[in-house]
Protein chains: 2
Amino acid sequence: MEKKLSHSEENYLKEIFHLSGELHEKVSTNALAERLNAKASSITDMLKKLGEKKLVSYQKYKGCSLTQKGEQIAIYIIRKHRLWETFLVNKLNFGWDEVHDVAEQLEHIRSVKLINSIDELLNFPKYDPHGDPIPDKDGNINYMESKISLSETAVKSKVEVVSVDEDSMALLKYLDEIKISIGTILTIHNRISFDESMEVQIAGGNKMNISKKVADSIGVRFKSKI
Amino acid sequence: MEKKLSHSEENYLKEIFHLSGELHEKVSTNALAERLNAKASSITDMLKKLGEKKLVSYQKYKGCSLTQKGEQIAIYIIRKHRLWETFLVNKLNFGWDEVHDVAEQLEHIRSVKLINSIDELLNFPKYDPHGDPIPDKDGNINYMESKISLSETAVKSKVEVVSVDEDSMALLKYLDEIKISIGTILTIHNRISFDESMEVQIAGGNKMNISKKVADSIGVRFKSKI
DNA sequence: TTTTATTTTTAGACACGCCTAAAAATTAAA
DNA sequence: TTTAATTTTTAGGCGTGTCTAAAAATAAAA
């Protein structure tokens, strides 16, 4: 009864999940088009099909959202993606900027036994190399509640980097250069109102300037006031 | 310039390689159709396309064979297939009858770094779990010269099992049951001319009867006369 | 609230990889 | 060597997933 989905269908579900966020907001056709590098008309076609399959609920001109069944599948794809990334970094010494493209392929491999074995081999990791939570076998996701964006932190606070956006290789390479990684402790010294950039300091290092765009894509957890 | 091939195209190249054997014989349309579970007309279509891409040489009604470029790609796919099978068995404790289907998916993952890392992780294995040689990074294949089929062995000889055909799960399960695996030493006691079956004995075990079909799919190496 | 701009959907097309049915070429048999 | 059987190819069609261009619905601005 359970038909298997195409890579394309799986990607749609995954991206709808990402775009709808933790609040399960509706996702617009254009937003999806951009994320999937496709034209809006193609999105419409696919949403119709996924709608018929009861994987998304979709009404013309009103955007879409995942049904429970669709979300379940999306989470499973994300589980695979993040486990593979963890495998590549932890077992094969890939850099965190090298794993995304390969994981996008590996996430479509169909074998429950395989992915659960990888999970076990890695000792059931809770977070992937970018700090994103790895859904467990039953689809439960352990979001880090205290996590906020670096760009939202108050001046003079001290935070720990817990996640970074994974989809830009350029960002990851840049963070590597400036020595920011998961676990790095940052002190926020100043916020420049002109361009919303921030002056931060790595424990024991020099102060440096971080643009708004970069700060937006770094997730941190509060450590303490200075 | 190097366009990437579809999974389908890769599968065609791989099967042409297998069917043409070590002597690079021409492969017929029907033979391919059977291996690929497709109709002959579909094969013709694809052969035309692969011909245009200079991956196979193809003349109407005359069968096909791989060009150097096509063979190179085929060998690379086979390298990936066999390395993944070895990974599944050696690192994730899959049974040798469980790996084929997953490996058929994994062989299409595009990442040179990934497959070379897996190779290294496995310590550059020479043979996969079914005893087939794993092509190295440069495409060299180390065929075991002294290998023959069990069905060709002389009565009263003693042989070591070095390979088994991997594509039938039923065969692999059966061999598991009768305790034949790579490395098993067999003594050939008799050959029944009526059905061409053989009486063989595992070192320290009982004599048992092996059908022609099964013997055909076991590769052995001569050990010594009794 | 009417007009304008933006978003989304429809309509029609195309490459891919497969199919069936019928024709053509090759091979085997009489 | 002529006929029969088999193999292979052509012709035309179909579902998938994409596209462009044009129409329709919604949202924003005047």
Side-chain angles (χ1 to χ4, degrees), chain A residues 1-17 19-20 25-66 70 73-74 77 104-105 107-108 110, chain B residues 1-17 19-20 25-66 70 73-74 77 104-105 107-108 110:
Chain A
M1 215 70 258
E2 290 290 333
K3 273 181 218 150
K4 51 186 174 180
L5 304 179
S6 69
H7 290 196
S8 208
E9 291 171 315
E10 291 187 347
N11 285 334
Y12 273 75
L13 296 179
K14 185 182 60 163
E15 292 306 339
I16 294 170
F17 183 87
L19 288 170
S20 64
E25 296 161 81
K26 285 206 170 175
V27 174
S28 78
T29 302
N30 267 1
L32 258 178
E34 196 183 347
R35 281 281 280 194
L36 289 163
N37 290 311
K39 301 296 166 181
S41 56
S42 310
I43 308 298
T44 303
D45 288 351
M46 183 60 99
L47 289 181
K48 276 185 196 164
K49 192 173 32 147
L50 293 173
E52 280 161 23
K53 292 191 180 184
K54 307 283 185 209
L55 298 172
V56 309
S57 51
Y58 165 65
Q59 296 171 80
K60 284 184 192 176
Y61 298 100
K62 302 288 182 186
C64 68
S65 58
L66 294 175
I73 294 169
I77 305 296
E104 295 254 273
Q105 298 177 62
E107 73 191 5
H108 299 293
R110 270 185 276 268
Chain B
M1 216 70 259
E2 289 288 336
K3 274 181 220 154
K4 51 186 175 181
L5 303 178
S6 68
H7 290 194
S8 209
E9 290 170 317
E10 290 186 347
N11 286 333
Y12 273 76
L13 296 179
K14 185 182 62 164
E15 293 306 339
I16 294 170
F17 184 88
L19 289 170
S20 64
E25 296 161 81
K26 286 208 173 174
V27 174
S28 77
T29 302
N30 266 2
L32 258 179
E34 196 183 346
R35 282 281 281 191
L36 289 163
N37 290 311
K39 302 296 164 177
S41 54
S42 309
I43 306 299
T44 303
D45 288 349
M46 184 61 99
L47 289 181
K48 276 187 198 164
K49 190 170 36 145
L50 294 173
E52 278 161 24
K53 293 191 182 185
K54 308 281 186 210
L55 298 172
V56 310
S57 51
Y58 166 65
Q59 296 173 80
K60 283 184 193 176
Y61 297 100
K62 302 289 181 186
C64 68
S65 59
L66 294 175
I73 294 170
I77 306 295
E104 295 254 274
Q105 298 178 62
E107 72 191 4
H108 299 294
R110 271 185 274 268

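A note on names: the letters A, B, ... follow the listed sequences, proteins ahead of strands, and every chain is numbered from 1.
In this structure, B:Lys60 does not reach the C:dT26 phosphate: none of its side-chain N or O atoms is under 4.0 Å from OP1 or OP2. A sub-4.0 Å separation between OP1 or OP2 of C:dT10 and a side-chain N or O of A:Lys48 is present. Applying the 4.0 Å criterion to OP1 and OP2 of C:dC16, one finds that B:Ser8 has every side-chain N and O outside that range. For the pair B:Tyr58 and D:dT8, the criterion of a side-chain N or O lying under 4.0 Å from OP1 or OP2 is not met. Distances shown here put every side-chain N or O of B:Tyr61 at or beyond 4.0 Å from the OP1 or OP2 atom of D:dT10.
As rounded to whole Å, 17 Å separates atom C1' of C:dT6 from atom CD1 of A:Ile43. Rounded to whole Å, atom P of D:dT7 lies 14 Å from atom CG of B:Leu32. At whole-Å resolution of the value, CG in B:Asp45 and C1' in D:dG12 are 11 Å apart. The distance from atom NZ of A:Lys39 to atom P of D:dA21 is 10 Å, rounded to the nearest whole Å. Rounded to an integer number of Å, the gap from B:Lys53 NZ to C:dC16 C1' is 10 Å. Whole-Å rounding puts the B:Asn11 CG to C:dC16 C1' distance at 15 Å. Atom CG in A:Leu50 sits about 12 Å away from atom C1' in D:dT16, given to the nearest Å. Whole-Å rounding puts the A:Glu52 CD to D:dT16 C1' distance at 13 Å.
You'll find that the side chain of B:Asn30 is closest to D:dT8, out of C:dT9, C:dC18, D:dT8. If you check C:dT10, D:dT9, C:dT26 against the side chain of A:Thr44, the one that comes closest is C:dT10.
B:Ile73 places none of its side-chain heavy atoms less than 4.5 Å from the side chain of B:Phe17. You'll find the side chain of A:Leu32 reaches within 4.5 Å of the side chain of A:Cys64, heavy atoms only. At a threshold of 4.5 Å between non-hydrogen side-chain atoms, the residues A:Val56 and A:Val27 do not count as touching. A heavy-atom distance below 4.5 Å is found between the side chains of A:Leu36 and A:Ile43.
Backbone-only engagement by B:Ala38 is indicated by non-hydrogen atom pairs under 4.0 Å involving sugar-phosphate atoms exclusively. As judged by a 4.0 angstrom heavy-atom cut-off over every strand, B:Ser42 is placed among the base-contacting residues. Using a 4.0 Å heavy-atom cutoff across all strands shown, A:Thr29 reaches sugar-phosphate atoms only and no base atom.
For D:dT20, the base has a donor-acceptor partner in the side chain of A:Ser41 [N/O atoms by modelled type, under 3.5 angstrom].
Atom NZ of A:Lys26 sits in a crowded spot, with more than 12 heavy atoms from other residues, nucleotides or ligands closer than 6.0 Å.
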